[in-house]
Asker: 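Below is one structure. I have some questions about it.
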Amino acid sequence: MRSSVEHSWGWGHSAPSPLLLLTLFLFAAPFGLLGETTRQVSLEVIPNWLGPVQNLLHIRAVGTNSTLHYIWSSLGPLAVVLVATNTPHSTLSVNWSRLLSPEPDGGLMVLPKDSIQFSSALVFTRLLEFDSTNVSDTAAKPPGTPYPPYSLADFSWNNITDSLDPATLSATFQGHPMNDPTRTFANGSLAFRVQAFSRSSRPAQPPRLLHTADTCQLEVALVGASPRGNRSLFGLEVATLGQGPDCPSVQEQHSIDDEYAPAVFQLDQLLWGSLPSGFAQWRPVAYSQKPGGRESALPCQASPLHPALAYPLPQSPIVRAFFGSQNNFCAFNVTFGASTGPGYWDQHYLSWSMLLGVGFPPVDGLSPLVLGIMAVALGAPGLMLLVGGLVLLLYHKKYSEYQSIN
């Protein structure tokens, strides 16, 4: 099933130096001077002609001289393969018999192979839960005593075709453990909502990440599941491909502007290589209510990336089908909330958002409110100096024209 195709204009970002970035922040972004790009975006659930329906979602974003492919699947743990090519004619090829076999290598390809400029993957391997009852340090790592994790490879997922929405270019993977003897997910689910974009904009709800036609957004929501403790904290284990022997880097960006995500002045980015390459981007905040707001904001902590050597990770068939079996994986955890303040226990709800894309990550310019405050703050002293100078000039002129009487 293929969605309707939409044409749009989005922002293209280029930042070869910090100085230029600062210039763009202060001048270009507010006035719309950044370069524009257009991409033709489509969603398709790839049919399995050999048997039961399998959840394989292909998002294709075609530009003038390039194509972005996002291949999402819940075969095994939920995973996405991201591929960027230098041609608008690249296509996805799926060999279902090979993909569903114990040796799926070569079952997923983007053709022509020599057009591929960048490729990597993210695998969401485990849902974590911690008992934070006796933890007073909000920065403790781990944030409490861990419960046995839920492996997302052992989840049962909905039919993705039923949630495909061509109007919003979105689809939702919704699942629960296949084996749930304590019935913790009897009335709950873990959902991954994937959305592509036809233009540069922001969602209406926090954290309002700036997206472009070069990005895809993931919103994770845990709803209705019964925690195993009175003050349980949850988290996600995420794995990605290492760059040779090294793991990708995570950078923190700070801002004086929190208009789009109140009380959050930080943006975290996972970079797979030197820019421009692939990236994942998120604000370190989750929400315990819908819609999210300042009152329900939960702090997030991301652990450093480390080689996944201590224990085997759940394997994703689509990642192995595209990249083969000889890969170095790195993993990190994102945990949501603290032992004090609001938490999942308030309404049994938790949501967190991430952007995934290729190129230079979207850059937040200063909001109109902050620019107005800066203009007033910087303009008022200048106006006072100008008025004071005029007063002194007039005062001096008055007395310079005085003629003495002999």
Side-chain angles (χ1 to χ4, degrees), residues 1-3 5 39-50 53-63 66-101 104-113 115-125 152-153 157-161 163-164 166 169-173 175 192-197 213-218 238-241 272 277-280 314-325 327 329 354-358:
M1 175 179 178
R2 184 181 295 273
S3 78
V5 175
R39 288 193 181 275
Q40 187 177 350
V41 182
S42 64
L43 277 72
E44 180 185 13
V45 177
I46 307 297
N48 172 23
W49 305 111
L50 303 178
V53 175
Q54 303 291 340
N55 282 346
L56 186 63
L57 175 67
H58 179 210
I59 299 176
R60 188 169 183 259
V62 182
S66 63
T67 304
L68 303 181
H69 300 266
Y70 303 90
I71 303 109
W72 294 85
S73 180
S74 58
L75 290 170
L78 189 86
V80 56
V81 172
L82 169 60
V83 184
T85 69
N86 61 4
T87 171
H89 307 296
S90 58
T91 59
L92 176 67
S93 173
V94 180
N95 183 327
W96 278 107
S97 59
R98 184 171 294 179
L99 178 61
L100 298 177
S101 72
D105 304 39
L108 198 68
M109 293 186 290
V110 169
L111 303 173
K113 288 185 176 181
S115 69
I116 296 176
Q117 303 297 298
F118 171 82
S119 61
S120 193
L122 282 179
V123 185
F124 299 88
T125 51
L152 299 194
W157 302 92
N158 66 321
N159 186 340
I160 190 67
T161 304
S163 67
L164 192 67
L169 297 175
S170 67
T172 302
F173 296 84
F192 292 78
R193 183 176 183 267
V194 178
Q195 184 176 12
F197 302 103
D214 293 341
T215 62
C216 179
Q217 179 169 287
L218 172 67
V238 186
T240 186
L241 295 177
W272 274 288
S277 67
F279 64 86
Q315 295 295 303
S316 165
I318 66 165
V319 173
R320 182 169 173 183
F322 189 87
F323 293 99
S325 58
N327 290 292
F329 282 91
M354 165 191 279
L355 276 183
L356 184 67
V358 172

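If you read the sequence from its start, that first residue is 1, and numbering goes on from there.
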Asker: Compare all side-chain heavy atoms of T125 with those of V238 and state whether any distance is below 4.5 angstrom.
Answerer: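 With C-beta onward as the side chain, the pair stays apart.
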Asker: How far apart are the C-alpha atoms of R39 and S66, what are their side-chain angles, what is the distance that settles it, and do they pass the side chain to side chain contact (heavy atoms under 4.5 Å, CB included) test?
Answerer: CA-CA 9 Å; R39 288 193 181 275; S66 63; 2.9 Å; yes
Asker: Minimum heavy-atom separation for H69 and S90, please, with both atom names.
Answerer: NE2-OG, 2.8 Å
Asker: Taking the side chain as everything from C-beta on, heavy atoms only, tell me whether L152 gets closer than 4.5 Å to P314.
Answerer: no
Asker: Rounded at 0.5 Å granularity, tell me how far OG in S74 sits from CD1 in I160.
Answerer: 7.0 Å
Asker: For residues D105 and R98, report the shortest heavy-atom separation together with the two atoms involved.
Answerer: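 That would be O-CD, 2.8 Å.
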Asker: Given side chains that start at C-beta, do those of L241 and F323 come closer than 4.5 Å, heavy atoms only?
Answerer: yes
Asker: Distance from S325 atom OG to Q315 atom CD, nearest 0.5 Å?
Answerer: 9.5 Å
Asker: Which atom pair, heavy atoms only, marks the closest approach of L57 to A171?
Answerer: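 So the minimum-distance heavy-atom pair works out to CD2-CB, 4.0 Å.
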Asker: Do L56 and W72 touch side chain to side chain, with heavy atoms closer than 4.5 Å?
Answerer: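 In short, these two side chains do not touch, never coming nearer than 4.5 Å.
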Asker: Do F192 and L218 have side-chain heavy atoms sitting under 4.5 Å apart?
Answerer: yes
Asker: For N55, run the side chain to side chain contact (heavy atoms under 4.5 Å, CB included) check against L78, N159, L75 and tell me which one passes.
Answerer: N159
Asker: Quick check for you: to the nearest 0.5 Å, what is the distance between L92 atom CG and I59 atom CD1?
Answerer: 12.0 Å
Asker: Evaluate the criterion side chain to side chain contact (heavy atoms under 4.5 Å, CB included) for residue pair L99 and V94; output intermediate values, then yes/no.
Answerer: CA-CA 8 Å; L99 178 61; V94 180; 4.1 Å; yes
Asker: As a quick check of understanding, evaluate side chain to side chain contact (heavy atoms under 4.5 Å, CB included) for N48 and L100, giving each step before the final call.
Answerer: CA-CA 10 Å; N48 172 23; L100 298 177; 3.9 Å; yes
Asker: For S93 and N95, does a side-chain donor sit closer than 3.5 Å to a side-chain acceptor?
Answerer: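 There is no such pair (donor and acceptor under 3.5 Å, judged by atom type) between the side chains of S93 and N95.
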Asker: Would you call the rings of W157 and F173 parallel, tilted or perpendicular, taking 30° and 60° as the class edges?
Answerer: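 Perpendicular, since the angle between the ring planes exceeds 60°.
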Asker: So, for F322 and V110, which heavy atoms are closest and what is the spacing to 0.1 Å?
Answerer: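 Distance-wise, the nearest heavy atoms are CE1-N, 3.8 Å.
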Asker: Within the 4.5 Å heavy-atom criterion, are L68 and D214 side-chain neighbours or not?
Answerer: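 Counting from C-beta outward, L68 and D214 do come under 4.5 Å.
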Asker: Hey, what do you get for CZ (R60) to CD1 (I71), rounding to the nearest 0.5 Å?
Answerer: 11.0 Å
Asker: Going by atom types alone, do S120 and W272 pair a side-chain donor with an acceptor below 3.5 Å?
Answerer: yes
Asker: Show the nearest heavy-atom pair for residues S170 and R193, with the distance to one decimal.
Answerer: OG-NH2, 3.3 Å
Asker: Check for a donor-acceptor pair, side chain of T240 on one end and backbone N or O of A121 on the other, with a separation under 3.5 Å.
Answerer: yes
